[in-house]
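One-based numbering along the sequence shown.
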Amino acid sequence: MIAIEHHIPGQADDLRQFSDEDCIAFLKAGNSSAFPELMRRYQNRIYTYVLRMISCPDDAMDICQTTFISAYRNLEKWQPNALFRTWLFRIASNSAIDYLRRNKLYTQVPIESLNHTLIDAMDPERQYMSSARCTTMIKLIQQIPPVFRQALLLRELEGMSYADIAQALDISEGTVKSRIARARYGLVSGLDQIDDVESNQ
């Protein structure tokens, strides 16, 4: 991080060259343009993540906006030892789960009820799915229990490390790996079932 006392950019400065942590330091020092820069970096990513969680564009936008409002109001609670991105996704994740619970769309599925076969990685061939197959994949993602969906999306959509996901969801790394593996298994199983149906038609 740069020495904040020696460089506080003005409104005209390009904040894109600075880290998230620098932007927060500038914000705390009175540079009001620093937060819009943070929103520019993460708004689309937060929105996409929340949309995959709740499947409602309007409500996903509302949650996205309230996530940034909450982050702004609670900026003092952010700890520099955690990535700002991780903290932001934690706020969004909690809001998405609250939304699902309020609307009775949240289903807690015991781990024991799922198939215990674990998959370490997605089949590489699935990287070349057709548009229709992508649509199917999105539908299958919505059928995954929310707690598993969270971990999978943060890993596959955001490319977060297991450690960062553990911080964002306030769970252990072992639990993160288990949830992601089971989510992947659910996706692959769903696609395989569709393939079997199509091959028998």
Side-chain angles (χ1 to χ4, degrees), residues 1-103 105-106 134-135 137-138 141-142 146-147 149-171 173 176 179-180:
M1 183 183 292
I2 65 170
I4 185 67
E5 63 270 23
H6 297 308
H7 186 108
I8 299 178
Q11 296 290 337
D13 281 310
D14 185 0
L15 290 166
R16 298 187 183 197
Q17 62 183 305
F18 297 107
S19 69
D20 292 349
E21 292 75 17
D22 289 330
C23 286
I24 292 171
F26 295 144
L27 183 65
K28 289 181 177 180
N31 185 347
S32 60
S33 64
F35 200 75
E37 168 58 19
L38 290 171
M39 289 185 65
R40 182 196 67 78
R41 295 178 187 183
Y42 294 109
Q43 190 167 29
N44 288 342
R45 293 162 66 176
I46 292 290
Y47 172 76
T48 301
Y49 167 69
V50 173
L51 180 61
R52 293 287 178 264
M53 281 295 299
I54 72 171
S55 303
C56 178
D58 289 342
D59 289 340
M61 182 58 71
D62 287 342
I63 290 175
C64 180
Q65 291 172 351
T66 56
T67 293
F68 283 100
I69 292 171
S70 178
Y72 183 81
R73 289 176 175 171
N74 296 283
L75 204 55
E76 295 300 325
K77 295 181 181 179
W78 172 73
Q79 299 297 320
N81 62 335
L83 293 175
F84 175 74
R85 177 185 69 158
T86 302
W87 183 64
L88 198 61
F89 273 93
R90 183 171 187 171
I91 296 172
S93 292
N94 289 339
S95 296
I97 289 295
D98 287 344
Y99 170 91
L100 293 173
R101 284 175 173 151
R102 276 197 317 272
N103 291 278
L105 300 173
Y106 181 91
C134 285
T135 300
M137 175 69 84
I138 291 172
I141 287 173
Q142 302 309 316
V147 292
R149 196 187 315 160
Q150 283 180 312
L152 180 71
L153 290 173
L154 291 175
R155 181 67 174 175
E156 303 295 347
L157 193 64
E158 277 300 307
M160 281 191 183
S161 67
Y162 292 124
D164 286 344
I165 296 172
Q167 259 194 338
L169 301 182
D170 195 23
I171 56 179
E173 284 190 48
V176 169
R179 289 182 181 181
I180 290 174

Original post:
Is any side-chain heavy atom of L83 less than 4.5 Å from a side-chain heavy atom of E21?
Top reply: yes
**OP:** Could you list the residues that satisfy side-chain contact (heavy atoms from CB on, under 4.5 Å) with I171, not counting sequence neighbours?
**Re:** L169, T175, V176, R179
Subject >> Spacing of CD belonging to E76 relative to NZ belonging to K28, to within rounding of 0.5 Å >> reply: 4.5 Å
Subject >> Residue pair L15 / N31, side-chain heavy-atom distance below 4.5 Å >> reply: yes
**OP:** Taking all non-hydrogen atoms of both residues into account, name the closest pair between A92 and T67 and its distance.
**Re:** CA-OG1, 3.6 Å
Original post:
With a 4.5 Å limit on heavy-atom distance, are the side chains of M53 and I97 in contact?
Top reply: yes
Original post:
Is there a side-chain contact (heavy atoms from CB on, under 4.5 Å) between Y99 and V50 once you walk through the steps?
Top reply: CA-CA 10 Å; Y99 170 91; V50 173; over 6 Å; no
Original post:
Is the backbone N or O of N44 less than 3.5 Å from a side-chain atom of T48, with the two atoms forming a donor-acceptor pair by type?
Top reply: yes
**OP:** Under the side-chain contact (heavy atoms from CB on, under 4.5 Å) rule, what do W87 and Q167 come out as? Steps first, then yes or no, please.
**Re:** CA-CA 8 Å; W87 183 64; Q167 259 194 338; over 6 Å; no
**OP:** Give, for atom CZ of R90 and atom CD of Q150, the distance between the pair rounded to the nearest 0.5 Å.
**Re:** 11.0 Å
**OP:** Starting at CD1 of I69, measure out to CG of N74 and round the result to the nearest 0.5 Å.
**Re:** 11.5 Å
Subject >> Student check: side-chain heavy atoms of M160 and R85 closer than 4.5 Å >> reply: yes
Subject >> Heavy-atom closest pair, residues C23 and A34 >> reply: O-CB, 3.2 Å
Subject >> Nearest heavy-atom neighbours spanning A168 and T86 >> reply: N-CG2, 3.5 Å
Original post:
How long is the gap from CD1 on I91 to SG on C64, to the nearest 0.5 Å?
Top reply: 11.5 Å
Original post:
When rounded to the nearest 0.5 angstrom, what distance separates CZ in F84 from CG in D22?
Top reply: 13.0 Å
Original post:
Below 4.5 Å, heavy atoms only, C-beta onward: do R45 and E158 meet side chain to side chain?
Top reply: yes
Subject >> Heavy-atom side-chain contact between P57 and Y47 under 4.5 Å >> reply: yes
Subject >> Contact check, side chains of F35 and L38, non-hydrogen atoms, under 4.5 Å >> reply: yes
Subject >> pair F68-I46: side-chain heavy atoms closer than 4.5 Å >> reply: yes
Original post:
Taking R149 as the fixed residue, which of I141, L154, I54 is the one that meets the side chain to side chain contact (heavy atoms under 4.5 Å, CB included) rule?
Top reply: I141
Original post:
To the nearest 0.5 Å, how far apart are CG in L100 and CG in D59?
Top reply: 10.5 Å
